[in-house]
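First the structure, in the form of structure tokens, and then the observations on it.
Below, chains carry the letters A, B, ... as their sequence lines are ordered, and counting in each starts from 1. Since the structure is predicted, the reported quantities are computational estimates derived from the model, not experimental observations.
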There are 2 protein chains.
Amino acid sequence: MEGLPIHITINPELYTKNPESSDLGKKIVHTSIEMINDLGFESFTFRKLGVAIGSNESSIYRYFESKHALLVYLINWYWSWIEYKLVFATTNITSAKDRLNTAITLLTEEVKEDNSFTFINEVLLNKIIISESAKAYYTKDIDEENKKGFYKTYKRVVQRVSDMVLEINPKFEFPHMLISTVIEGAHHQRYFSQHLPSLTDVEEGKNNVVRFYTDLVQKTVV
Amino acid sequence: MEGLPIHITINPELYTKNPESSDLGKKIVHTSIEMINDLGFESFTFRKLGVAIGSNESSIYRYFESKHALLVYLINWYWSWIEYKLVFATTNITSAKDRLNTAITLLTEEVKEDNSFTFINEVLLNKIIISESAKAYYTKDIDEENKKGFYKTYKRVVQRVSDMVLEINPKFEFPHMLISTVIEGAHHQRYFSQHLPSLTDVEEGKNNVVRFYTDLVQKTVV
DNA sequence: TTTATTTAATAGTAATACTTTCATATCTTT
DNA sequence: AAAGATATGAAAGTATTACTATTAAATAAA
């Protein structure tokens with residue numbers, strides 16, 4: 001996938017000024033990913049980010065109106081990236097079952113190193129999605145933000161994979177529930193395996209998360 | 001279940017002073033449940049709670065050292081209550097399959113009115129579990145808190161139901177993953193159905209959440 | 001080179017999540 | 001009923017957060 005001239009476009013509603021339009025903007029995104037990982041979202045502040053990139057807090061606010069807005073931006077970037085990978089990985093697979101299997105694997109596997117995008121570290125971003133994204137959508141403003149399209153990319157991914165489910169079994173009643181359960185579930189399992197292992201059955205190097213969910217989907221969809 | 005002299009005991013590590021030991025303590029718990037529901041956890045403060053119950057912020061801190069600690073207390077109360085209901089509902093069911101089915105239903109159904117506990121509104125508490133509990137365990141302090149037993153009751157519920165899975169199929173590799181996926185999944189679905197409906201297939205009055213998960217478990221465990 | 005745009009520096013604000021101190025009320029024990 | 005202990009209240013204080021506003025300096029575009 002390296003070298004391909006892909007570019008991920010983000011809905012302009014998700015930023016005040018496009019961070020891709022300047023060095024400072026890219027540094028904001030790049031460094032915020034590292035810092036949110038290190039500190040956790042609640043301890044991460046624009047002031048600290050400013051110090052880290054040798055810039056000023058007020059300059060960061062010109063790109064994102066709040067740290068919540070930055071998190072929403074990152075989430076959307078992530079799901080656009082996953083959508084791209086998903087489409088890329090599943091086109092030209094003729095068997096519907098194989099296609100769904102590939103999709104579930106992609107959604108549940110660990111994200112390994114990636115070199116496609118210079119200013120975004122996808123491995124760290126995946127960790128943020130796992131441990132911080134609930135904080136973005138479990139707020140009182142969810143309905144308002146949803147109307148503005150803040151969660152569109154995520155919903156689009158769920159829709160695409162739900163469609164694959166329906167291709168296999170057009171009568172299956174709960175495709176969206178199944179896929180959102182798998183996505184959220186896999187993220188939880190990755191987190192639990194690190195911090196609350198008794199809630200999982202993850203074993204080192206056995207790929208249990210992927211095996212569990214691909215198996216679950218296969219058995220459920222029929 | 002009304003009238004039974006049950007009492008839920010909470011690990012003393014989870015409070016500074018036992019809220020059940022005084023009227024003020026009970027008022028704190030009772031009213032915080034209402035306020036967290038109304039305002040959301042981030043906008044809820046001990047100051048506002050103090051005003052609401054006609055008491056002082058500093059008095060509330062004598063019961064809980066932080067609002068995070070209060071949330072953890074509520075979560076533990078909830079899971080102790082669920083554990084009690086679970087044991088009550090599944091004893092004397094001889095068929096292992098029926099027992100598991102009953103358990104999954106209990107874990108995924110909507111919580112309706114309950115009158116057992118005067119100072120805790122279980123319907124509202126369930127809503128808090130759904131929309132706020134991720135905020136308790138997705139923190140940087142998770143490992144430390146887990147060591148102190150902050151999430152024991154939840155883990156015990158998962159263990160009990162996992163054991164039921166193993167009774168049906170002792171060779172099933174992923175009982176904990178299955179049950180934690182179902183519990184978290186059902187909560188997500190309830191939330192999504194209100195706020196991000198395109199991620200679900202919930203329809204009014206059709207009990208789809210329970211149907212989806214009981215079906216999923218049945219098909220997966222075999 | 002003038003003009004426009006971007007960034008930096010500084011200060012300020014209201015609110016949060018507490019902590020501290022001290023006074024007062026209430027309950028318990030004798 | 002008095003003395004002591006414990007629980008609660010009132011008030012003030014602190015460090016930090018999540019911004020906003022203003023103005024100046026640096027940089028880029030016409």
Got a sec, which residues hit ring-ring contact (aromatic ring centres under 6.0 Å, His included) with B/Phe212, two or more places apart in sequence or on another chain? A/Phe174
Rounding to an integer number of Å, can you tell me how far A/Tyr63 OH sits from D/dC19 P? 18 Å
What does nucleotides 9-28 of chain C look like as a protein-contact string, B for base, S for sugar-phosphate only, - for none, at under 4.0 angstrom between heavy atoms? BB-----SSBBB--------
I'd like to check the salt bridge (Lys or Arg N to Asp or Glu O under 4.0 Å) partners of A/Glu13; sequence neighbours left out, ordered by chain and number. none
Please verify the inter-ring angle class for B/His187 with B/Tyr78; under 30° counts as parallel, over 60° as perpendicular, anything in between as tilted. perpendicular
Only counting residues at least two apart or in another chain, list the ones meeting ring-ring contact (aromatic ring centres under 6.0 Å, His included) with B/Phe64. B/Tyr73
Can you tell me how far P of D/dA7 sits from NZ of B/Lys27, to the nearest Å? 17 Å
Scan for ring pair (Phe, Tyr, Trp, His ring centres under 6.0 Å) pairs involving residues 19-61 of chain B, sequence neighbours excluded, and state none if there are none. B/Phe46-B/Tyr61
Taking atom P of D/dT16 as reference, at what distance in whole Å does atom CG of A/Leu39 sit? 15 Å
Check each residue of residues 9-22 of chain A for a non-hydrogen atom within less than 4.0 Å of any atom in DNA chain C, then write out the ones that pass by number, or none. A/Lys17, A/Ser22
Have a look at B/Phe64 and say if it touches a base, only the backbone sugar-phosphate, or nothing, with a 4.0 Å heavy-atom cut-off. nothing
Listed by chain and number, what are the side chain to side chain donor-acceptor pair (under 3.5 Å) partners of B/Glu109, not counting sequence neighbours? none
Residues forming a side chain to side chain donor-acceptor pair (under 3.5 Å) with B/Tyr63, sequence neighbours excluded: B/Ser22
Hits for side chain to side chain donor-acceptor pair (under 3.5 Å) against B/Asn37, two or more places apart or cross-chain, chain-then-number order -> none
